[in-house]
Amino acid sequence: MTKNNLLKILLSAFLLFSLFAATACGKESLKLPHFYLSAELSGDEIKGKSVYKFVNDTDNAFSEVKFNLYANAYREGAKYKPYRTTDSQKVFGGEISYGGTEITGVTVNGEKADYVICGEDENVLSVKTGEIFPNESAEIAIVFKTKIPRAALKLGINGDRINLADFYPSPCAVINGEFKECIYNEFGDPYINAALNCVFELTVPSSYTVAAFSNPVSARETDGKITYRYELDGARDIALCASENFSVAVKEQGGVEIKYYYEGDGEQAEKGLSLAADCIKFFSEQFGAYPFKTFSVVETDLNAGGMELSALCFVDVNADEEQKRNAIIHETAHEWWYAAVGGDEVNCAWQDEGLAEYSVYLYLSENGFESEASDVIEGAKSAYKSFFELKDLLSGNADTSMNRPLTSFSGKYEYINIAYNKGLLCFKGYEDAIGRARSITNLKKYYKKYLFKIASPEDMYGCLGLKEHFTSYADGKVII
Ligand SMILES: [Zn+2]
């Protein structure tokens, strides 16, 4: 044996060990890239600076690093808007209001760098980095300012409440050696976000109460402004909601601090808080421990009804009690199936939506709401059947495939029937085939293996088994 061969063997043993350590032990040994963001909110603008440490863990060299500019979907003239035109009245309540991001400076490793705004709809920032070879890294700093529209959207001001998601340049995830560019859409969640170790410093007027992805680790107050520092390892997004009039209800649940931000009715907030805490307990028992220290639910203005974020979710303040309840269960489930186990929500939305819906079904059936649980299944079946007419299904004229981009759906109802209803029926069919206990055991394995990673449908079938079952649903072959 030559020395070189011995070295190779030692090296592969080391790599194998590292890989094993990373997958077997989860969070502690999983090294995620660092992302730092500082931002100041003032009026209808948030401006700031991000610093991203890009590590090239692929086999290719890169000469550019890309970021999604989600806020550009909110700009005037956007091709892919964040709302349906038919919802304009609900979203704006009157005059249409626009947002958008402006990039004012970029450096790479401290040197001024060139960049272009590109993508199909000015949705991507490409920073010219010079060659970054495998195992090399680059530190990319971006100065930006984002205009916040007056709108009931993920990014929007509504009276005293300010929703701040989508507001900063978000590093494009690298999958199979390619930066994944996300095109916005008028429904769905158009994200493919990698998990990052995030530090977020936010300056707001001192009068604001802020809901974010962690408790602040520090707060510094000067001249009527306060700067909070938040830290979260494994965050797929940085978002917040701020208001001068928020009250907060708090409850501890198995070492996790659950918070409920609301204005007005404290009794209803207590119910929402208890439900969120119950869900954190139940899903932790079923799928694996909740991966963060806090979870916050915020009642705010949101056309979409509910929105999942890392360790945080928004629930539409104008929804009725039942809608809020359903949204809280569904969005809490997304902490496992979006925040913890990531996916390609642009092209395979059914994966996390189907699992979130299946988790709701499990919660209902195991917590004394059995008949409601079976109503959820029957409701999904009948909505799907009434949307897709049988003759179209039999003749092959209906596209019931599931792995396709958000923009390919004919509208919101087709999307809901495929991603939510058919997604739910697919996971319920899986449970019917192998039994609930095994279904939960396999989901536990899936959660552990892909915690803070991005799982493709193939990765998921690999973990859960019954690949033919899943592909027959995903390829549109099953007739429901
Ligand atoms: Zn969802």
Side-chain angles (χ1 to χ4, degrees), residues 34-52 71 99 101-102 104 141-151 153-170 196-233 235 237-252 256-264 266 269 273 292-302 307 309-315 317:
H34 285 272
F35 187 71
Y36 167 84
L37 178 67
S38 74
E40 179 168 354
L41 172 68
S42 118
D44 64 355
E45 191 176 83
I46 183 157
K47 52 185 176 184
K49 180 182 176 182
S50 65
V51 182
Y52 174 45
T101 289
E102 198 185 316
T104 53
I142 301 166
V143 182
F144 68 94
K145 63 178 174 187
T146 295
K147 166 133 188 328
I148 312 161
R150 293 188 178 275
L153 296 171
K154 297 167 200 169
L155 175 66
I157 300 174
N158 299 274
D160 54 356
R161 288 182 286 263
I162 305 172
N163 298 343
L164 281 164
D166 288 344
F167 71 91
Y168 63 94
S170 171
L196 304 169
N197 289 343
C198 291
V199 172
F200 176 36
E201 289 191 312
L202 172 74
T203 304
V204 288
S206 302
S207 52
Y208 281 94
T209 298
V210 177
F213 62 23
S214 73
N215 285 332
V217 292
S218 67
R220 210 172 55 238
E221 196 168 0
T222 39
D223 302 330
K225 290 179 191 174
I226 190 157
T227 300
Y228 295 109
R229 183 184 167 96
Y230 303 95
E231 296 176 357
L232 189 67
D233 285 354
D237 50 68
I238 293 178
L240 63 122
C241 185
S243 167
E244 289 185 305
N245 297 308
F246 271 145
S247 300
V248 194
V250 186
K251 189 175 179 172
E252 196 268 344
V256 181
E257 192 175 307
I258 321 284
K259 296 174 145 195
Y260 198 95
Y261 292 77
Y262 66 101
E263 293 180 15
L273 176 70
F292 309 117
K293 290 193 184 103
T294 67
F295 177 58
S296 297
V297 180
V298 189
E299 282 198 7
T300 186
D301 313 71
L302 193 70
M307 175 62 204
L309 298 149
S310 290
L312 177 70
C313 75
F314 295 168
V315 169
V317 65

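Residue indices begin at 1 and follow the sequence shown.
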*asked:* Tell me every residue that passes ring pair (Phe, Tyr, Trp, His ring centres under 6.0 Å) with Tyr168, counting only those two or more places apart in sequence or in another chain.
replied: Phe35

*Set of residues satisfying salt bridge (Lys or Arg N to Asp or Glu O under 4.0 Å) with respect to Lys49, sequence neighbours excluded*: none

*Shortest non-hydrogen separation from Ser296 to Ala212 and the atoms involved*: OG-O, 3.9 Å

_Thr101: side-chain hydrogen bond (donor to acceptor under 3.5 Å, both in side chains) partners, not counting sequence neighbours_ = Thr146

*Side-chain donor-acceptor contact under 3.5 Å, Lys293 with Asn215*: no

*asked:* Restricting to non-hydrogen atoms, name the atom on Leu155 and the atom on Ala165 that form the minimum distance, rounded to 0.1 Å.
replied: CB-O, 3.4 Å

*Name all residues meeting the ring pair (Phe, Tyr, Trp, His ring centres under 6.0 Å) criterion together with Tyr261; count only those two or more places apart in sequence or in a different chain, and write none if there are none.*
Phe246

*asked:* If you compare all heavy atoms of Ile258 against all heavy atoms of Leu273, which two are closest, and at what distance to 0.1 Å?
replied: O-CD1, 3.5 Å

*So do the side chains of Leu37 and Phe144 get within less than 4.5 Å of each other, counting heavy atoms only?*
yes

*What residues, two or more places apart in sequence or in another chain, satisfy side-chain hydrogen bond (donor to acceptor under 3.5 Å, both in side chains) together with Thr209?*
none

_By ring pair (Phe, Tyr, Trp, His ring centres under 6.0 Å) - contacts of Tyr36 (at least two apart)_ = none

*Atom CG of Asp237 and atom CG of Leu196: how far apart are they, to the nearest 0.5 Å?*
9.5 Å

*Nearest heavy-atom pair of Tyr208 and Glu244: which atoms, and what distance?*
CD2-N, 3.9 Å

*Are side-chain heavy atoms of Ile226 and Val204 found at a separation under 4.5 Å?*
yes

*Can you list every pair that meets salt bridge (charged side-chain N to carboxylate O under 4.0 Å, His left out) and has a residue in residues 209-224, with sequence neighbours left out?*
none

_Under the rule for salt bridge (Lys or Arg N to Asp or Glu O under 4.0 Å), what residues qualify as partners of Glu45, not counting sequence neighbours?_
none

*Please tell me if the side chains of Leu41 and Ile148 come closer than 4.5 Å, counting only heavy atoms from C-beta onward.*
yes

_I'd like to check the ring pair (Phe, Tyr, Trp, His ring centres under 6.0 Å) partners of Phe200; sequence neighbours left out, ordered by chain and number._
Tyr230

*Would you mind reporting whether Ile142 and Tyr52 have side-chain heavy atoms less than 4.5 Å apart?*
no

*List for me each residue that meets salt bridge (Lys or Arg N to Asp or Glu O under 4.0 Å) alongside Glu231, sequence neighbours excluded, and say none if there are none.*
Arg229

Can you give me every donor-acceptor pair (side chain of residues 156-164, partner residue at least two apart or in another chain, under 3.5 Å) with its distance?
{"residue": "Asn158", "atom": "OD1", "partner": "Ala152", "partner atom": "N", "Å": "3.3"}
{"residue": "Asn158", "atom": "ND2", "partner": "Ala151", "partner atom": "O", "Å": "3.0"}
{"residue": "Asp160", "atom": "OD2", "partner": "Asn245", "partner atom": "ND2", "Å": "2.5"}
{"residue": "Arg161", "atom": "NE", "partner": "Asp301", "partner atom": "OD1", "Å": "2.7"}
{"residue": "Arg161", "atom": "NH1", "partner": "Glu263", "partner atom": "OE1", "Å": "3.1"}
{"residue": "Arg161", "atom": "NH2", "partner": "Asp301", "partner atom": "OD1", "Å": "3.4"}
{"residue": "Arg161", "atom": "NH2", "partner": "Asp301", "partner atom": "OD2", "Å": "3.4"}
{"residue": "Asn163", "atom": "OD1", "partner": "Thr300", "partner atom": "OG1", "Å": "2.7"}
{"residue": "Asn163", "atom": "ND2", "partner": "Leu153", "partner atom": "O", "Å": "2.9"}
{"residue": "Asn163", "atom": "ND2", "partner": "Asp301", "partner atom": "O", "Å": "2.9"}

*asked:* Could you check whether atom NZ of Lys147 has more than 12 heavy atoms from other residues, nucleotides or ligands sitting under 6.0 Å from it?
replied: yes

_Residue list, salt bridge (Lys or Arg N to Asp or Glu O under 4.0 Å) with Lys225, at least two apart or on another chain_ = Glu40

